[in-house]
Trainee: 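The structure under discussion is supplied below as structure tokens; questions concerning it will follow.
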4 protein chains.
Amino acid sequence: MPRTEEQLNKIRKDRKQKIKDTALEVFAAHGYESASISMIAKKAGVSKGLMYNYFESKEDLLGTIMMEGIDEMLPLIDPDNDGVLTKEEFVFLIDESFRIMKEKINYYRLYFSLMMQPSVMNLFADKLNEVAAPYIKIFVDYFEKKGSKKPMLEAIMVGALLDGIGFNYAFNPDTYPLDDVVELVKEKLV
Amino acid sequence: MPRTEEQLNKIRKDRKQKIKDTALEVFAAHGYESASISMIAKKAGVSKGLMYNYFESKEDLLGTIMMEGIDEMLPLIDPDNDGVLTKEEFVFLIDESFRIMKEKINYYRLYFSLMMQPSVMNLFADKLNEVAAPYIKIFVDYFEKKGSKKPMLEAIMVGALLDGIGFNYAFNPDTYPLDDVVELVKEKLV
Amino acid sequence: MPRTEEQLNKIRKDRKQKIKDTALEVFAAHGYESASISMIAKKAGVSKGLMYNYFESKEDLLGTIMMEGIDEMLPLIDPDNDGVLTKEEFVFLIDESFRIMKEKINYYRLYFSLMMQPSVMNLFADKLNEVAAPYIKIFVDYFEKKGSKKPMLEAIMVGALLDGIGFNYAFNPDTYPLDDVVELVKEKLV
Amino acid sequence: MPRTEEQLNKIRKDRKQKIKDTALEVFAAHGYESASISMIAKKAGVSKGLMYNYFESKEDLLGTIMMEGIDEMLPLIDPDNDGVLTKEEFVFLIDESFRIMKEKINYYRLYFSLMMQPSVMNLFADKLNEVAAPYIKIFVDYFEKKGSKKPMLEAIMVGALLDGIGFNYAFNPDTYPLDDVVELVKEKLV
DNA sequence: GATGAATGAGAATTCATTCAT
DNA sequence: CATGAATGAATTCTCATTCAT
């Protein structure tokens with residue numbers, strides 16, 4: 001009995017996901033350039049040729065992974081946020097951010113490893129801004145409410161702090177005292 | 001008549017420097033893997049072959065650049081530091097760090113772009129630690145003196161903050177308000 | 001529809017054999033160092049890249065060819081030999097040796113051309129010894145039985161004689177009177 | 001005081017000899033293709049450029065070495081030989097041949113390593129024949145005198161034997177029992 | 001759809017040779 | 001004459017991508 005259309009779709013979907021997951025792993029571990037399609041195909045248990053059935057090119061594979069990674073981070077920002085963040089919400093936002101980071105450490109490694117290459121990052125600039133902008137806005141609002149004189153600058157600084165912690169953690173996830181640092185950050189900021 | 005030893009030394013020194021400068025630029029702009037020896041040679045105005053007269057391999061070229069970059073950063077740390085940092089010294093250290101960063105922005109781009117690749121970074125881990133360790137020590141001392149309960153954690157957090165600012169600045173040197181952020185950091189920390 | 005495992009095996013086997021055959025020819029004609037992968041690929045009618053689908057490196061290609069060549073020579077030695085060689089067996093051994101040499105002239109050319117390079121030959125020393133040792137043993141036994149005072153030395157001398165004939169024949173296969181010389185050798189030795 | 005013409009000539013001659021000696025050593029040890037001009041220049045203590053002052057090309061250097069090597073072997077053959085070789089003269093010829101071989105082992109290694117490459121050997125074919133021909137003639141004469149039915153074939157066989165001994169010795173000069181083998185050869189032949 | 005053999009452009013590297021000094 | 005910096009063609013090898021089956 002031939003497979004139904006539905007079954008085929010599920011197979012396709014699962015396999016595509018498997019390829020993306022594997023590619024992310026390999027990209028994160030070796031860097032985008034050093035990772036080869038062969039390596040990914042073998043690790044994902046599919047043929048090289050099949051990769052091109054699902055993705056137009058290595059660059060497309062990278063693009064899809066990065067775009068989806070960004071998309072997954074978007075809902076993190078409170079959609080009901082009315083611009084007036086309470087302390088509790090602020091703390092929650094930070095906690096969530098680092099929870100996601102731990103969970104999606106490979107995404108972060110990939111982003112960090114590519115951010116210095118304008119030729120690559122330009123492709124994702126707009127999308128990344130979609131994630132960063134609301135963050136900045138929330139931080140600005142928060143510091144404004146707290147009566148800060150330079151809320152934008154404070155927001156930028158906090159952004160840098162969170163990036164820095166993420167970078168250090170991504171560089172050395174095994175020994176970095178992420179949770180303790182995050183606690184300290186919250187203490188300082190609220 | 002052959003050139004004098006002195007002439008040769010000058011030629012060699014100049015050429016080698018020219019190659020290193022160009023390579024750093026290209027590495028920083030495209031990433032180590034994506035940058036090709038051809039690209040660097042062309043930009044430096046020398047033949048591909050000559051590159052190998054001065055450096056054993058692409059990896060050796062990278063290594064030399066990174067090592068020298070680190071060496072240039074070492075003297076930044078006050079060698080007479082007795083472990084008791086005054087506010088003024090602390091501020092000076094931060095100022096110096098960012099002054100160097102602006103001046104050596106390409107080094108930072110290169111470091112940041114390579115840090116997620118363990119296979120590369122392990123080669124420089126020891127040397128990098130030579131730079132980072134005194135920083136951490138100074139920060140710890142400083143926060144201890146200030147009566148902090150968790151001086152180590154605070155030092156780690158400040159390290160992350162500085163890294164984050166550097167990363168953001170390196171990502172977008174043209175529009176990042178580095179000076180203002182640094183001012184704010186100093187305000188907050190002292 | 002993908003090819004069956006069987007089809008693939010046949011393709012791989014055939015192609016690999018074609019490459020080995022061509023490479024042996026080219027190595028034997030130009031010498032290992034002077035023969036280029038391009039040259040072999042073109043002559044074999046495949047792309048350069050494909051060479052590396054079948055052999056890890058030029059050295060691996062050489063190694064495979066030499067090892068297989070040696071393996072083909074091993075069965076030549078009478079496996080039932082009980083150490084007591086009759087005249088007839090001795091003559092047969094010599095005949096066989098030169099029959100193989102004529103058939104596998106390119107192998108011999110390759111071996112002779114590489115034997116003066118210790119860096120290469122060391123890789124095959126053990127394997128070559130597997131071929132040479134039984135020969136020597138048989139010769140020693142034979143001369144012992146004949147009542148020779150210095151059977152080992154006679155064996156070494158005969159070995160040199162056979163090598164020399166092979167070398168001269170390989171050097172000039174078109175005009176060397178191999179068969180006549182072999183006849184004379186047999187006459188002298190038995 | 002400037003050097004006299006004569007002194008200059010001597011310097012030139014000595015240096016040229018030094019280069020040839022070194023090149024022979026390096027060629028014999030690594031093989032012609034694998035030996036580089038740089039390697040030879042450094043080992044000879046001269047600059048790369050100077051090499052081309054004395055030899056037109058790497059091939060010319062090889063050619064000169066091989067030609068001179070052959071020339072040195074020519075006088076070995078008894079110039080007064082009237083075609084009637086006594087046993088004593090025959091034995092002396094063989095002794096001399098192997099004495100030269102021991103002394104000039106590097107020449108032999110070089111010849112043996114190149115003989116399978118027609119593109120190289122054709123350049124020296126005529127010259128080599130000048131050496132080989134009188135040998136063959138002498139051997140033929142000798143065996144004729146001894147009443148052999150096939151003196152030419154015997155001469156060819158003896159030639160092969162001597163070549164084979166040389167080849168084996170050159171392959172492994174440290175452990176090959178050259179002297180004993182030579183003694184045995186003389187015993188058998190006279 | 002699925003496979004992996006096959007391609008070819010391009011990368012790093014080597015080295016004989018040239019030439020300004 | 002002498003030097004070694006400089007060149008460029010050739011070499012080995014890699015890998016994203018294509019395509020016959």
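Letters A, B, ... mirror the listed sequences (proteins, then strands); counts begin at 1.
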Trainee: Take atom CG of B:Asn9 and atom C1' of F:dT3, then tell me their distance rounded to the nearest Å.
Mentor: 13 Å
Trainee: Would you write out the dot-bracket form of DNA chain F, 5' to 3', with Watson-Crick and G-U pairs under 3.5 Å, [ ] for crossing pairs, | for pairs to other strands and . for unpaired bases?
Mentor: .||||||||||||||||||||
Trainee: Rounded to whole angstroms, how far apart are CG on D:Asp14 and P on F:dA2?
Mentor: 13 Å
Trainee: Can you tell me the distance, in whole Å, between the CE atom of B:Met51 and the C1' atom of E:dT14?
Mentor: 15 Å
Trainee: Can you tell me how far P of F:dA20 sits from CG of C:Leu8, to the nearest Å?
Mentor: 16 Å
Trainee: I need the CZ-P distance between A:Phe55 and F:dT17, as an integer number of Å.
Mentor: 13 Å
Trainee: Any non-hydrogen side-chain atom of C:His30 less than 4.5 Å from a side-chain atom of D:Ser119?
Mentor: no
Trainee: State whether A:Arg12 places a side-chain N or O below 4.0 Å from either non-bridging phosphate oxygen (OP1 or OP2) of E:dG1.
Mentor: yes
Trainee: Under 3.5 Å, is there a donor-acceptor pair between the B:Arg12 and B:Asn9 side chains?
Mentor: yes
Trainee: More than 12 heavy atoms of other residues, nucleotides or ligands under 6.0 Å from CD of B:Glu59: yes or no?
Mentor: no
Trainee: Just N and O in the side chain of C:Tyr54: are any of them under 4.0 Å from OP1 or OP2 of E:dA6?
Mentor: yes
Trainee: Just how far, in rounded Å, is P of E:dA5 from CZ of C:Arg3?
Mentor: 8 Å
Trainee: Measure the distance from CG on D:Leu61 to P on E:dT17 and round it to the nearest whole Å.
Mentor: 10 Å
Trainee: Whether D:Lys104 engages the ring of D:Tyr111 as a cation-pi pair (distance to the six-membered ring centre under 6.0 angstrom, angle to the ring normal within 45°) should be assessed.
Mentor: no
Trainee: Can you list everything that forms a ring pair (Phe, Tyr, Trp, His ring centres under 6.0 Å) with C:Phe112? Sequence neighbours excluded, please.
Mentor: C:Phe167, D:Phe167
Trainee: Considering heavy-atom distances to DNA chain E, does C:Val46 or A:Val46 have its closest nucleotide positioned more toward the 5' end?
Mentor: A:Val46
Trainee: Under a 4.0 Å heavy-atom cut-off, which of residues 111-123 of chain D touch DNA chain F?
Mentor: none
Trainee: Taking DNA chain F as the partner, which of residues 15-30 of chain D come within under 4.0 angstrom of it by heavy atom?
Mentor: D:Arg15
Trainee: Round to the nearest Å and state the distance from C:Asn53 atom CG to E:dA5 atom P.
Mentor: 6 Å
Trainee: Treat primed atoms plus P, OP1 and OP2 as sugar-phosphate and everything else as base, then score nucleotides 8-14 of chain F 5' to 3': B for base contact with protein heavy atoms under 4.0 Å, S for sugar-phosphate contact only, - for none.
Mentor: B-B-SBB
Trainee: As a test of understanding, state which of C:Leu61, C:Asn106, C:Ile19, C:Leu62 forms a side chain to side chain contact (heavy atoms under 4.5 Å, CB included) with C:Leu24.
Mentor: C:Asn106
Trainee: Any side-chain to backbone donor/acceptor pair from C:Ser113 onto C:Leu110? Under 3.5 Å, distance only.
Mentor: yes
Trainee: Could you check whether B:Asp14 pairs with B:Lys10 (Lys NZ or Arg NE/NH1/NH2 to Asp/Glu carboxylate O, under 4.0 Å)?
Mentor: yes
Trainee: Distance-only criterion, 3.5 Å: show the donor-acceptor pairs between side-chain atoms of residues 38-56 of chain B and protein atoms not counting sequence neighbours.
Mentor:
| unit_1 | atom_1 | unit_2 | atom_2 | d |
| --- | --- | --- | --- | --- |
| B:Lys43 | NZ | B:Glu25 | OE2 | 2.7 |
| B:Ser47 | OG | B:Leu50 | N | 3.2 |

